[in-house]
Structures are given as structure tokens and as C-alpha cells.
Amino acid sequence: MPRFVKTPMFAAIALALVMAIGSAAAQKTLRIGIDVDPINLDPAQMSHMEAHRFVALIYPTLLKYDAQLRLVPHLATSFEILDDRTYEFTLRDDVMFHHGRLMVADDVKFSIERILDPEVPSPEAFELEPIEEVVVVDDHTVRIITKEPFAPILHGLTFGLGIHAPESVEEFGDLRFFGSGTGPFRLVEYIPDSIVILERFDDYFGPAPLLDRVEYHIIPDAPARTTALRAGDIDVARYDDAKAVAPLRRDANLTVDYVGAPRILHYHLNHRRAPFDDARVRLAMSCAIDREAIAQLVFLGDALPSGPIPPSMTDWALPTDEMPCYTRDLDRARELLAEAGYPDGFASTMVGTTRFPVDIEVGQVMKEQLAEVGIEMEIEQVEWGDLLDLWITRFDFDTLLITSFTGRDPDANFGRRFESTSTRNAVGYDNPEVDDLIARSRTTIDFDTRWEIFRDLQLIITEESAKIFVVEYPYYEVYRDEVVNWVTHPMGMHYHLDQVDLQR
Amino acid sequence: MLTFTVRRLLAIIPLMLGVILITMLLPRLIPGDVVTIMLGSESVVSPQRADEMRRLLGLDRSIPQQYWDYLTGLVRGDMGRSLRTGQPVGPLIVDRFMLSFYISMLAIVLGTVGGVTLGVIAARYRRTRADLFFRIFNLIGLSVPRFWVATLLLLAATFYLAGTFPTVGAARADASFLERMRYAFLPGLTLAIPVAAVLARITQTAMAEVLAQDYVRVAHAKGLARRVVFVKHALRNALIPVVTEVGLQTGFIFGGIVEVEVVFSYPGVGQLALNAISQRDYPVLQGVLLVITVLFALINLIVDLSYAWLDPRIRYE
Amino acid sequence: MTRLRTVARILWTNPVLLVGSAMLLLLVVLVVFGPALAPYRYSTMHPTATFAPPFQAPHYLGTDEFGRDVLSRVVYGARFSLLIAMMSALLAITLGTVFGALAGYFGGWLNAIIMRVTDLLLAFPALLLAIVVVAIAGPGLTNATLAIGIVYAPRVVRIVRSAVLQVMQNDYVNAAMALGARDGRVIWLHVLRNTLPTLGTYTSILFAYGLLTEAALSFLGLGVQPPIPSWGGMLRSARSFLELSPMLSVFPGVAIMFAVLTFNLIADGLAEVLDPRLRSKT
């Protein structure tokens, strides 16, 4: 059955699995259809959102985001900020690893150090790199000290750090396919491009899970997921396309749930190239775009216009009506273009990726909208790897459309994207004032002061139209009526899976 | 015959060396690499760290070095490991190939049965007005895009046959044979259509030719029943070109399998190849292309040999 | 006049060719007069009329997710799909004829090299090779055309080479060579002209292949870029709305089938008229 029988232990689990399938009838198995393969389940190797979702479920973090995207305790019962650089976490004392050992502070230290180990090497390392030292105070107290005051570290510790057992690493080398965590379900098997199988963990520290088994079926194609859901081959399916979900709303056996996800469509304008080096041109384009119409046409009204921080991050986002050009104004757009020396508009190209067809849909609407002020865009769809190459490695594009999950801390929305020295500043934005604000936002621990900094940043970035922020994407989970207690989390996390039940 | 077989088998080797070289070079010409994709859109990684990841994956070696390593690996039966998932490529391809094999087997079986039947019927109407309909019907079979037929079947299965045939994925590794066929049915049926069209055409022509032969006329003259002559004398001999074509079609099916696997989210080699392209997973893409070409070459050889075996007049020196 | 009569007679006695030619005429009309025939521009969005059902005025084939008129998109689609098919067929024929003629006429090491490369390229499934080529060069109209042309060129090489070899066995070619005619002259005057019937038929087949491959590439998102309508691309986006509006997945498919069938019919008919040997190979 499993493709990689690495150890006798693995074989024993496989045997147990075979036996479990034999008696599957009496079991409660929840089958979830997902669109993206996690590729690697190692907490040190998460390279995209889907991997984060699995890691958060199998290898819980110290803190987690609740459905309102607030940080709440998880493995840690509380934390205290001792000084600007020191965070002291108090851990639960009843957390059991899947292989049957209590979790202690040393495991936290191990997990952080493994992710930071250059020999691993982890794409997540950047989240934790500001950490200078991890000090184990006692079995259930751990201090994390940053090199300098660094406010976003709490996000890094929540999003980038799944606590995993050193024994697993010793045994398997890496945790790509298998490993021991502390979540409500333990990993049984992962077959790439096909399925991830989890089984109830009886010694879970939280309330006992109601399901026996959870299967994640990897079905990249949305129509195929729909078919499977209708036929009852899966119980829950994920979508990011409003139109794929629309017909499901009429199905009496299904419930369509959606939330605004902290995932926005960024329309990149390459400042290295004319005419996008001119803020007036960029602002004109922002004015020419009708975000409401896009939300209606592409998302059937389920999406919200978004500024640099998505509205779902309620603590930080400014209302979009405070930002310039968020109400469509064609006259202003023409005026600005004329001032910049393009009274008749210009022609350019717009790159998007086949991986996110919804982005291309938005692109097609924007193309029509921009054409009204004489800006003729030619759409170029490239495959995901090409897009990454153009966008991240070579900065080789005129304009580029991409949705990305911004995570929770607003630093992800600004620091990485607009700081002049960031390797991820794809548009080539360079503004000393913004650099300064970003630097201050990181060293400022106090929430209210940070909030003010981010308010200023949001206003500057939209006034300069450093990038055009279009809408916040809705995130859908559709489930069959047998599924009870389902919660759709804005980041697609399945923290709540321990509470979900099936009533057939 | 034996020397011919050996010579043909040996001739595959230089072809394979070329194929390996091409499969080595082509994927590496695609912009971006596996590390860029692994790092994805959200992580912030210094170029040094990215290069370190490349080194660990062995991507920093020169192309001739990689070519040599791959060849020596092949001799040991090692096709390398997937850069993306770390799985050994050999077993991975075997698994996926089996899934695609079910589809192509069904396509061949359904296509042959359907095609030969149609062809035999059509042979009786050759040079009549009805023949035109057979011809156009055949050409339609060759003209429909596979992914479209697949989509229509998917639609039909969703709305009218809900639950009869699964429309998503493949059967689990521990499923029964019947279950596997159930999953492979709709994709197989899609691919069977052009096969049936080609075979019907060939069967018709071959049957017509054979029916005009003297020995068939003699058989008729001897007073044998029409059905006996048709089946025993004519059909058997007419099957020679059909067998050849079945072989060729088996090769072609693998070309069309990509579209169909995409529509039915069927995790066979086609999907594996597409994923390998999009993830820049060189060893997997190399492996798939290599296996497909070897298979294609072998099928051609078998076709040639069976041709000789079926028709005693053909002798290979 | 007599020529016209011959053509008419051939068409009359060959119903397949007749039907194919009539369909081709319709396609040509669509391509040439498309903009005049289409009720709307292919990219015009009608935000208030998305997913309109077909067979009703003013959108006779309905509208898509942006309220774009499907009839107009299908009509315009003929231009782009046929353009790619034509250019790629032309490319394949040119490449294939040049290399095939060189290999067949000169033989020796040139033949060996050309044929080995041809074998190598033929060892890959066409669509997979096209996908890889597009992945390297990037998607889009031009690159899709190039990819399709390159992928099908080896087949032409083989056909042209064997046709050349066959023609060269004729005495008149030997005579011309013995008389000291230059290679280029012999190739053109005596050899290539005699392969034209075969090539003519195969061009039509290449059109069919080209249309199908382009549709498949666009279906996978690698062909013509939106909002330019290509039939394969329309099917790609229609798939997301299979339930909401199944008819969106029907019309572009019918259009592809119609166009491919046209060229298959013509190839079949031509084969019968010009070169009976090719008949079973379609």
C-alpha cells in the first residue's frame, strides 16, 4: 500500500491501515476535496498555503489564528513580552506527540533550530531568522529572544513554526511523508497528487475528535471537485471561484460557506519601465479600474474592494473609501494621463498565470475597463513556474497580476513588498519615507503605535499607487448536509476539524 | 527472424541515447527551476540560500556530468529521485503507468471491438451509397477533439449517470480489478473513439480487398455458407493490417492521454508529465518521456514481428 | 473552361470532396467576413447579460461569464484557430520538404543525420512535445504556431523523403542527372513537383492536426491568450461553468469538430483523386 516502506514502524501502520479499511463501514471518514497538492508535509518545507494548512493541522503551533484572525493560545497557554526582544511562552503540560511522548519546551527549541538550520534548508527560515536565541526555562516555559525588537515575530511563530518531534527527524531524515506532531489527527499516508490520509489521535490535548478518519483528496480541477461532491464521493470541497460555486447554491444537499480571505489580487506595475515610473500614470490606472464591477462580474458580489491590507484583517485595514481612486473616476484618470503626457493612453502587456484562472478573468475585465481611457493591455497567460521566474527572479514584466495570501501580520503586506531593499520588491518601489516607516513598524511592539504607522503606509502606498490593489478574494468551502459543525476559516485552516462530525 | 529482432532491439539503444539527451536538455530550457517553484510566492529567501538548495538537489552539476550520472544510474536501474517529492522515479512511474495502462487497455479493447465490427459491416456496403455515411462517420470520429468528448462524457455522467462511473481520480491501489476498470471507463471510452474510427476504416478496406481475392471466391464457389466464408476466410486474413494498426494506435493513445487525464483528474502518466513540467521536476519528466518512447519503439517492433508471424509471405532478413 | 469542368466533374464524382469543399467555403466566408457577420465584437462585455441561454435574441448562442456573445466569439475564433492551423501547416510543410528533399536526394551522411533527428522527434507523442516546446518558448499565438509546426515537420520529412526516393528511381530523373542538370533544378523540376499530390493531401491532414493540437494547447491554457477567442480556449473557460451553463461547452466544440472534419474530408477526397496510396493513412 504505502509507496515508501521505510521502517518497520511504517509497515506496522500500513498494516493497521489495511485492517482499518477492512472495517471502514463502521468508521466516520470525512473526505475533503482540495485543489492543491501540499507537495511536502515537512513543517520545515512549507512553500505554499496548502502545506501550511496541513502543517497547522498535524503539527500545531504555539498560537493560532481564530476565525476572526486574532492570535489565540494553542500549544502555549499564554505569552508575555518581557522586554522588546524577549517573548516568554508558557506551554500546556498535557500535549502528547502522536508517537506517545509528552511535548516539552525542548521540542519547541528543536523545531525552531531545525527550521533555521542552513543544512535543511527551509523556505520558512525567513520568518524565524530574526530569532537570536531560544532559551528553555523549564519543561513548560520557553523564551524566544530576537536579535532586535521585531514585532512580526509573533506571526512567524504562528505561521511558520509547526512543532515536530526530534525522534521523527532522526528516524525519517525529513518529514516529507511522515512524522509525529501533536494535532487531533495523525498522519497515516500521503500519496502525492492523490491523497492525504489522517486518523484520529486519541491522546489529543484538546477535546476528543469526533471523526475517525479524514481523507484529503487532491482534485485540482474545479468541475471535477463539483462532480465528486455531487456524487457523494467527497463531503467537503474547497473553491476560490464564485462561478464554480454558484450552481451549488441551488443544491438542497449542499451548504455553501464563504469568508473573505486575507488574499488580495495585486496588480503589479513595473516602476523600472516607462510609463509606470510615473505615479500619475499608476494612479490613473487605479482610477480607471472599477473594483465594484469586478466584484460583481467575476465574484458575483462575494468579493470586497481591497487596499494594501485586506478587509478581512479587520484590526489593521483602513476602509477603502479613505483611499484615492477607489471610486471609479474616468475623468480624473484621463486628466492624470494627460498630465503625465499620455492623453491618448498607451499600449502594454499584462501577465497572469494559468494556475489562477480567476486572476485571468479579472484581468480580462480590467483590460476592458482600462481600454476606456485608451490603455490597451495585451494579456499573456503563463504557467506558474514562468510567472515566478518573471515576477520574483527577473522582474521581467510590464504589468503583472497575481493573488497572494498575505498572512496575518501587516508586515507581510508592506515589508516584503515595498521596502526598497527587499528581494521581493517586484515592482521596484523606492521611497525612503516608506522604508523608514516599515523599519519602525518592525521595531515598534506597541499595537496602537504600530496601527498608526500602518495607517500612514496604507495611505502613502495607495496615493502613490505603488501597486494597484484590486479585491480581496472570497474563500469557499462547500459541504454536504451530513457534515456537522463545519467552520470556514479565512485562511482555509482546519483547526476546527476536531469538532466536526458526520451524521449519515 | 531472431537476428532481425536482435538488430531492431539494438537499434533502439542509440535512439534512446538521443532521447535521453533531448529529455535532459529540453526540460532545462524551460524558464525557472524547481527551487524557484518550491520557494513559491510568499517566502523571502536570499539568492545564496536558494543556490544552497540547488546544490543539495544536485542541480549545480554540469549538463555532461548530469547526463553521465543519469546514464550510469539507468544501468543500475536507478532513474533518480523526484526533485519535488523525493520519491524514486522508477516506482513512481510504474505506479502511474499502471493507471494509464488501464485507460489505454480499455481504449484499445473498446476501440478494436467497435472499429472491427463497424468495419465488417461497412465492408458489405462498399461502393454503395451507404458507404458515404460510413466514411463521414469515420472522419467525424477522427475530427472530435478528445478533451471535448471527455467533457461531454463528464457532463453526461454528472447529469444522467450519477454514480455509475466515477468521474474523478483513479481507483485506490487496493481496489478490485472491476473497480479499477470502472474508474478507467470514461477516459478509456473517450480515447476509444478515434481508435475505432481508424480501425473501422482499415478493416473495411482490408475486408473488401480480401473478399475480392480468388480463394474467397473459390470458397464461395465451393458452396460454403456466406457467414463461414466471411468469418473464417476473409476476416482472419483481413485482420493482418488491423493488428498492425492496433499496435500503432496503442502508441498514439499515449499521446492523447494527457488531455483526457486532465479532464477526469486521473492521476496517470499524462498528469505526471504535466505536473513535472509545471514543477520543473527534471528527473520525473525525463523518466516519463523515456519510458513512453521506449514503449513506443517496442510496440513498433512487436507490430513488425507479429506482422511477419501472421503473414507467412513476409520474411525479415 | 475545360479545367473548371474537370474540377466540377471530380467534385461531382467524389461526394466526400464535394461536402468538404462546401464546408471549406463556409469556413473561408467566416474567416473573411467574420467581423461583418459577428453581431458583436468578441471582447465586448455585457455585464447585465452574463450566462444568457442560447437560441434567443439578441445572443443566439448565448453569452459567457462576462456576457460576451458566444456566436461572435465562435465566428472570430475561426480566424485565430485557422490562422494557427494554416501557419503551422505551412511551417511543417516547408521544414519537412526542405529536409526531406535533402535527405532523399543527397542520401549519405546528410540523410543519416536528418533521419536520426526525425526518428528522435517522432519518438515523442506530438502533444507532449508541443507542450514542452510551448513551456520553453512561452504561450501565445506565435509560439503555439511554431510548436505545432516543429512537432509535425518530422512526419512531412518522412513522407517527402520516401516520395523523393520513389521519384528518383524513374528514368527521366536519372536522365536529367546524367545530362548534367544542376541539383537544385533536378530537385525542383523533376522530384518535388512529382511529390506535390502527396503533399497536397498531407497539407490538408496537417490542417486537421494543427487545429486539434492548437485546440488542445489552448484548452490547457498554452495557446492563444484571452480575450482573443480560440475555440480551445473558450472550452477551457467554459469548463468552469459546466453546471451553470453547459451549452458554453458545446458550441466551441462543435466548431472545432466542424473545421477539423472539413480538412479530413478534403484530405480523404483528395487522396482518392490524387494518390490512392495515402488513403488508408488518414
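Side-chain atoms are counted along with the backbone in the values below, which use heavy atoms only and exclude waters and symmetry mates.
- Listed by chain and residue number, nothing satisfies the side-chain hydrogen bond (donor to acceptor under 3.5 Å, both in side chains) test with Ser237(C) (two or more places apart in sequence, or in another chain).
- Side-chain N/O atoms of Thr23(B) and Tyr282(B) include no donor and acceptor closer than 3.5 Å.
- For CZ of Phe51(C), the number of neighbouring non-hydrogen atoms (other residues, nucleotides, ligands) closer than 6.0 Å is greater than 12.
- When the candidates Val117(C), Leu128(C), Leu122(C) are compared by the number of heavy-atom contacts under 4.5 Å with chain B, Leu128(C) comes out ahead.
- For Ser100(B) (side chain) and Val269(B) (main-chain N/O), a donor-acceptor pair under 3.5 Å exists by modelled atom type.
- Side-chain contact check for Ser230(C) and Glu214(C): at least one donor-acceptor pair (N or O, by modelled atom type) lies under 3.5 Å.
- Of the two parts of Val144(B), the backbone and the side chain both hold a non-hydrogen atom closer than 4.5 Å to a non-hydrogen atom of chain C.
- Looking at Ala126(C), neither its backbone nor its side chain comes within 4.5 Å of chain B, counting heavy atoms on both sides.
- Not one N or O on the side chain of Gln279(B) forms a donor-acceptor pair closer than 3.5 Å with the backbone of Arg84(B).
- With chain B as the partner, the residue from Leu121(C), Val250(C), Leu129(C) showing the most heavy-atom pairs under 4.5 Å is Val250(C).
- Contacts between Ile22(B) and chain C at a heavy-atom distance below 4.5 Å involve the side chain alone, from C-beta outward.
- The part of Leu274(B) that comes within reach of chain C is its side chain, from C-beta onward, which places non-hydrogen atoms under 4.5 angstrom from that chain.
- Of the atoms belonging to Leu211(C), not a single heavy atom falls under 4.5 Å from chain B.
- Proximity to chain C is limited to the side chain of Ile277(B), based on heavy atoms less than 4.5 angstrom apart.
- Options Gly138(C), Pro252(C), Ala208(C), Ala216(C) differ in how many heavy-atom pairs under 4.5 Å they form with chain B, and the most are formed by Ala216(C).
- No part of Val149(B) comes within reach of chain C, as not one of its non-hydrogen atoms sits under 4.5 angstrom from that chain.
- Relative ring orientation between Tyr152(C) and Tyr209(C) is described as parallel, the plane-to-plane angle staying below 30° on a 0-90° scale split at 30° and 60°.
- In this structure the side chain of Met247(C) reaches within 4.5 angstrom of the side chain of Phe55(C), judged on heavy atoms.
- Taking 4.5 Å as the heavy-atom cut-off, none of the residues of residues 76-85 of chain C approach chain B.
- At a threshold of 4.5 Å between non-hydrogen side-chain atoms, the residues Leu235(C) and Thr151(B) do not count as touching.
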